[in-house]
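Start at 1 and go down the list; that is how both ligands and their atoms are numbered. On a predicted model such as this, the values are computed, not experimentally measured, just so you know.
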Amino acid sequence: MKSWFRPKIILDGFWSFKIDRDFVGDKEEWFKGFKSSDVIYVPSSWNEQNPEWDQYTGVAWYQRDFYVDKLLEGRMAWIIFDGAGYKTSVWVNGKFVGDHEGSFTQFKFRVDEIRFGAFNRVVVRIDNTPSIYSFPPARKLNETAFDFFHYGGIHRSVYLEFVDVCHVNDMTIHTSHAGDLKADISVECNKNFDARLILMDKERTEIISEDIVRGVRPGLLRFERRYDGVKPWSPEEPNLYVFAVEIYVNGVLRDSVYERIGFRSVEVREGRVYLNGKPVFLKGFGRHEDFPVTGKYVPGSVLVRDFYLMRKIGANSFRTSHYPYSNEHLDLADEFGFMVILEPPLCYSGLDRLLSREEVAKLFSSEEYLAKAKKFIEEMIRQHKNRPSVIMYSVMNEPPSDIPEVAEAIKKLAEFFKSIDPSRPVTFASHRSVRDLALGYVDVISLNYYRGWYSEWGDIDKGVEVMINEVEEIHRRYSDKPIIITEFGADAYLGLHSDPPQMWSEEYQAELIKKYVEALTKRSYIIGLHIWNFADFRTPQNPLRTILNRKGIYTRDRQPKLAAQIVSQLFNSIPTYMK
Ligand SMILES: Cc1cc(=O)oc2cc(O[C@@H]3O[C@H](C(=O)O)[C@@H](O)[C@H](O)[C@H]3O)ccc12
């Protein structure tokens with residue numbers, strides 16, 4: 001939910017910073033304010049801003065002063081973090097305002113201690129100590145269940161928002177491609193209010209339709225209507241509209257919020273995913289939020305380049321592997337017409353290197369694990385539920401789902417997704433192939449395959465043959481379910497060439513991708529292909545990686561490898577709509 005009406009103070013910029021290696025900050029009450037000559041930029045992870053902080057995991061403190069105008073007096077102040085972590089605790093003017101766990105969702109705290117017409121001080125404590133109980137789990141910086149670098153810090157924007165006592169709390173919007181809209185609008189107010197509900201064009205220059213509901217009691221306002229003549233949102237024509245809600249008390253405007261929406265429908269039936277009643281084929285990538293120096297913050301200009309590159313190469317889809325991406329990232333997906341599979345930070349690719357089978361079973365069957373997973377999922381859905389681009393949810397990535405307790409947890413979490421948002425299909429990215437026990441619990445089967453890389457290495461044809469045999473077997477078992485191959489690929493070091501194609505060369509990567517795509521597009525039950533990965537990204541240090549995971553078809557600074565040309569030919573020849 002956005003607002004152009006609520007006054008804001010943006011806190012992005014340079015902050016004071018202090019690493020707390022000996023964990024003395026709490027005892028020395030740094031939350032009241034601390035002295036430090038270290039400077040840090042927000043938004044961005046701390047690691048690459050100074051080589052001395054690069055390998056640091058633990059507690060670090062941020063501090064910044066800001067001025068609040070007297071004119072804002074009487075409004076409630078909220079401090080909003082678009083993403084920081086792993087654990088964040090916040091104090092304003094020495095008073096604790098709240099804490100939050102998880103790096104990739106927006107969170108906010110009410111601040112009662114604001115001084116109007118004066119300077120205020122915000123102090124933030126970040127703790128990114130690895131833990132097996134974190135989402136996703138890790139033991140140490142280089143012993144993680146996930147294959148991306150464990151950055152720390154305030155890596156998305158921070159701002160204050162000033163809100164009237166009468167305000168919109170939340171808004172859930174469902175649409176159809178026929179022009180139907182249903183909105184559940186939760187309003188807090190000390191009086192009955194009037195609501196003005198406006199549908200506008202994307203630029204907010206033209207009002208398409210407006211409705212006024214008078215004398216509404218505070219609580220839930222349900223609004224439902226059909227807008228005739230609106231254009232549907234689709235990959236080829238991502239028509240966006242603005243749906244705005246204004247709250248009036250005695251004729252005075254007290255709040256105004258909006259969402260950018262698209263009119264579209266998603267359903268899964270008879271082995272297909274239908275968008276607006278037409279079966280779609282998802283062509284695209286697993287991506288990451290990762291960039292040199294800024295770490296887990298990807299600047300808007302880089303995102304824009306990514307979307308133009310993805311569009312040019314013929315992609316129409318990506319998965320937010322392996323955590324929910326920033327608002328900016330997903331705003332561009334809405335804008336460019338990308339079909340997104342939204343994934344929470346439940347990533348378990350290397351979990352069996354950290355825990356025994358028994359420990360994994362115990363973890364996944366514990367009530368604590370399920371409750372925490374649900375909290376992460378709920379926050380993610382709340383933030384992104386109104387996006388037309390989000391057409392599917394992925395419960396998690398590469399769980400050890402050949403273990404019955406893990407399969408049971410996937411079943412429960414898939415049901416949980418549906419209980420909050422029954423409008424979108426659910427999947428999870430499996431790497432257990434024919435041994436997976438949870439494939440039957442989701443609407444769409446997603447499979448990750450590295451045959452020809454981690455196994456059958458050096459022999460692409462053999463890798464493709466084994467992969468196809470397994471995919472066919474899975475299709476035989478679940479013939480009514482559509483299948484997406486959510487990861488496949490090979491590392492390539494830019495500039496390393498080899499004839500014949502050998503591992504790590506650009507030729508090997510291009511050839512493996514080409515052979516996978518050719519073999520898989522012959523199978524009509526395959527409804528999507530996501531190459532791993534769009535761009536190279538930083539990883540923990542281990543013998544399989546050369547600082548970066550190099551499975552990007554672009555380098556980390558977004559220059560093409562040979563595979564980008566091949567993928568362009570392949571993707572541009574696959575239509576978005578299937579027969
Ligand atoms: C060592 C290894 C073997 C294997 O068969 O699969 C596998 C998968 C891994 O993680 C997934 O694949 C990507 C990759 O390895 O490039 C990761 O970057 C991605 O996050 C994972 O979904 C890791 C290691 C292995």
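- Under 4.0 Å from any atom of ligand 1, one finds heavy atoms of residues Asp147, His322, Ser349, Asn397, Glu398, Asn448, Tyr450, Tyr454, Glu487, Trp532, Phe537, Leu544, Arg545, Asn549, Lys551.
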ask   = Would Phe338 and His329 satisfy ring-ring contact (aromatic ring centres under 6.0 Å, His included), going step by step from the backbone distance to the final call?
value = CA-CA 11 Å; Phe338 274 73; His329 204 143; 10.0 Å; no

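- Side-chain N or O atoms of Thr57 include none that pairs as donor or acceptor with a backbone N or O of Asn128 at under 3.5 Å.
- Rounding to the nearest 0.5 Å gives a distance of 6.5 Å between CZ of Phe488 and CG of Leu520.
- Between Arg357 and Asp352 there is no salt bridge, since no side-chain N of the basic residue sits under 4.0 Å from a carboxylate O of the acidic one.
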Show me, pair by pair, the donor-acceptor contacts under 3.5 angstrom made by side chains of residues 458-467, not counting sequence neighbours?
from	atom 1	to	atom 2	distance (Å)
Asp459	OD1	Lys462	N	3.1
Asp461	OD1	Lys515	NZ	3.1

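- By the 4.0 Å N-to-carboxylate-O rule, Arg156 lies close enough to Glu289 to be salt-bridged with it.
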